[in-house]
Protein chains: 2
Amino acid sequence: MSTPLAAPAETISKIGVAVFPGFELLDAFGPLEVLYNLSNAHKIDLYVVAATLDPVYSGTSNPRVNNSGSRFGVSVVPTHTHDSVPDLDVLLVPGGIGVIEETAKPTVEFVRKTYPKLKYLITACNGASIAARAGVLDGKRATTSKAVWNAATAVGPNVHWVKTARYVVDGNCWTSSGVSAGIDVTLAWIAKVYGEGLARFIANGMEYEWRDDPNWDPFAYIFAKGDVIDFNISA
Amino acid sequence: MSTPLAAPAETISKIGVAVFPGFELLDAFGPLEVLYNLSNAHKIDLYVVAATLDPVYSGTSNPRVNNSGSRFGVSVVPTHTHDSVPDLDVLLVPGGIGVIEETAKPTVEFVRKTYPKLKYLITACNGASIAARAGVLDGKRATTSKAVWNAATAVGPNVHWVKTARYVVDGNCWTSSGVSAGIDVTLAWIAKVYGEGLARFIANGMEYEWRDDPNWDPFAYIFAKGDVIDFNISA
């Protein structure tokens, strides 16, 4: 495999993903696909982090999204708990319907506790709501899902939410728009830390049409009329 | 949630995903994200199928892709074995480095055995190699990853491989190009069975730029010089 290898700007060796019941599959596994490809070129281990070591199920029975009684989810096995995981360099926080459930609260606390030790925080979709509730986006520019924009941003009154953006970088916080945008922000993060050559190599290998322009966002227009799904956290 | 609901062309109630060690994360979870959204509107259950009920790890130590000694993968919990799963309407077969390992053989046998009972087969990336080895693509048009094209197609000498294609539909076999293309083919499948309105609704909610044209394929050009990774199955 001939990879465009440049010396990274800094050493990244531990990447974690915070999972919770009802996490959105592509929010987690889009960025993790990108980072898996990165890990083939650079020594990086993945830590799957949750409240306990019990398998974490992505599906939901919440009628706000599940109107059919389907049982459609995948259970993933955590490698570490919030208490046992070593200090991470990068933490990925996915979104999903689970963000608004009681069961997301331990993840909010984990993000609050671990953020000061991180080099980078990456969020996908309304994973930004978790970061906002943890307070780590206060005073920063950030974005989130356009399909659940009102609900997702309501929990972060002190965040400078950017409505039209595929992703937003402020300091070490890399937040992205809905679901698929997690792939774009993760590629952009690789371009920053490892160089654009490796990011393009990975995007091509994934046959992914990388949107590297943070301002590209047709979905802000598509969802301009308001939220499609009621993700209100307080009700 | 206001979904554009049309009566589906037929009843789909059981969708399976065949996982094996070293499966590619986005090959599986891109299509499953799409189908999860479908399942919120129509009653469909997911079956995670493997050789045994032990967790299945997506990572690999195979030096053909892993040059760094990283441990970077996620373990998912099967719900059924190849023997215990009920008859499925749709089976999704992902690809990945694991396709070329000994441990993929039970999945090849499962696809061979279960295909006659399926309504649809969907493959992502070199998951088409598994279907080809099972013989179910013989005499059919199909496509697969452009980054590992030579190796992926070599195992299917009786398949009419289509090099420039985002996805190919022949009979009830829906094959797609590398990794991300699994999302496009799954949306196209939903458009066929449930109508384009629901497919577009799901793509927009995922903030995914759906490539619905099966002939759109810049990656055939990008990888025209041959395989990037040595995925030769016989060596």
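Below, read A as the first sequence line, B as the second, and so on, with proteins coming before strands; counting in each chain starts at 1.
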Participant: Does Glu33(B) form a side-chain contact (heavy atoms from CB on, under 4.5 Å) with Phe29(A)? I'd like the steps, not just the answer.
Facilitator: CA-CA 10 Å; Glu33(B) 169 72 30; Phe29(A) 294 113; over 6 Å; no
Participant: Of the non-hydrogen atoms in Asn40(B) and Asn66(A), which two are nearest, and what is the gap between them?
Facilitator: OD1-CA, 3.5 Å
Participant: Compare all side-chain heavy atoms of Val65(B) with those of Asn37(A) and state whether any distance is below 4.5 angstrom.
Facilitator: no
Participant: For Glu209(B) versus Phe219(A), what's the shortest heavy-atom pair and its separation?
Facilitator: N-CZ, 4.1 Å
Participant: Pick whichever of Val56(B), Val48(B), Asp227(B), Asn204(B) has the most heavy-atom pairs under 4.5 Å with chain A.
Facilitator: Asn204(B)
Participant: Could you pull out all residues at least two apart from Phe110(B) that satisfy ring-ring contact (aromatic ring centres under 6.0 Å, His included)?
Facilitator: His82(B)
Participant: Please name the pair of heavy atoms, one in Gly205(B) and one in Ala147(A), separated by the smallest distance, quoted to 0.1 Å.
Facilitator: O-CB, 4.4 Å
Participant: At what distance, to the nearest 0.5 angstrom, does CG of Leu26(B) lie from CG of Leu32(A)?
Facilitator: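 Here the interatomic distance stands at 10.0 Å.
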Participant: Looking at Ala181(B), Pro63(B), Ser177(B), which makes the most heavy-atom pairs under 4.5 Å with chain A?
Facilitator: Ser177(B)
Participant: Yes or no on side-chain contact (heavy atoms from CB on, under 4.5 Å) for Val179(B) and Glu207(A), after CA distance, side-chain angles and deciding distance?
Facilitator: CA-CA 6 Å; Val179(B) 192; Glu207(A) 301 193 24; 5.6 Å; no
Participant: For the residue pair Ala41(A) and Ser68(B), what are the closest heavy atoms and their distance?
Facilitator: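 Of all heavy-atom pairs spanning Ala41(A) and Ser68(B), the closest is C-CB, 4.0 Å.
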Participant: For residues 40-50 of chain B, pull every pair meeting salt bridge (Lys or Arg N to Asp or Glu O under 4.0 Å), keeping only residues two or more places apart or in separate chains.
Facilitator: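 Qualifying pairs, neighbours excluded: Lys43(B)-Asp45(B).
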Participant: For Ile183(B), is it the side chain, the backbone, both or neither that has a heavy atom under 4.5 Å from a heavy atom of chain A?
Facilitator: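 Contact with chain A is through the side chain of Ile183(B) alone.
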Participant: Taking side chain to side chain donor-acceptor pair (under 3.5 Å) as the test, write out the residues that go with Ser84(B), two or more places apart.
Facilitator: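 Ser84(B) satisfies side chain to side chain donor-acceptor pair (under 3.5 Å) with Thr81(B) once adjacent residues are dropped.
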Participant: Considering only heavy atoms, which portion of Ser13(A) lies under 4.5 Å from any heavy atom of chain B: side chain, backbone, both, or neither?
Facilitator: neither
Participant: Looking only at heavy atoms, which of residues 70-79 of chain A get nearer than 4.5 Å to chain B?
Facilitator: Ser70(A), Arg71(A), Phe72(A), Gly73(A), Val74(A), Ser75(A), Val76(A), Val77(A)
Participant: For Phe223(A), is it the side chain, the backbone, both or neither that has a heavy atom under 4.5 Å from a heavy atom of chain B?
Facilitator: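 Side chain only.
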Participant: Against chain A, label Ile222(B) side chain, backbone, both or neither, depending on which of its atoms sit under 4.5 Å from a heavy atom there.
Facilitator: side chain
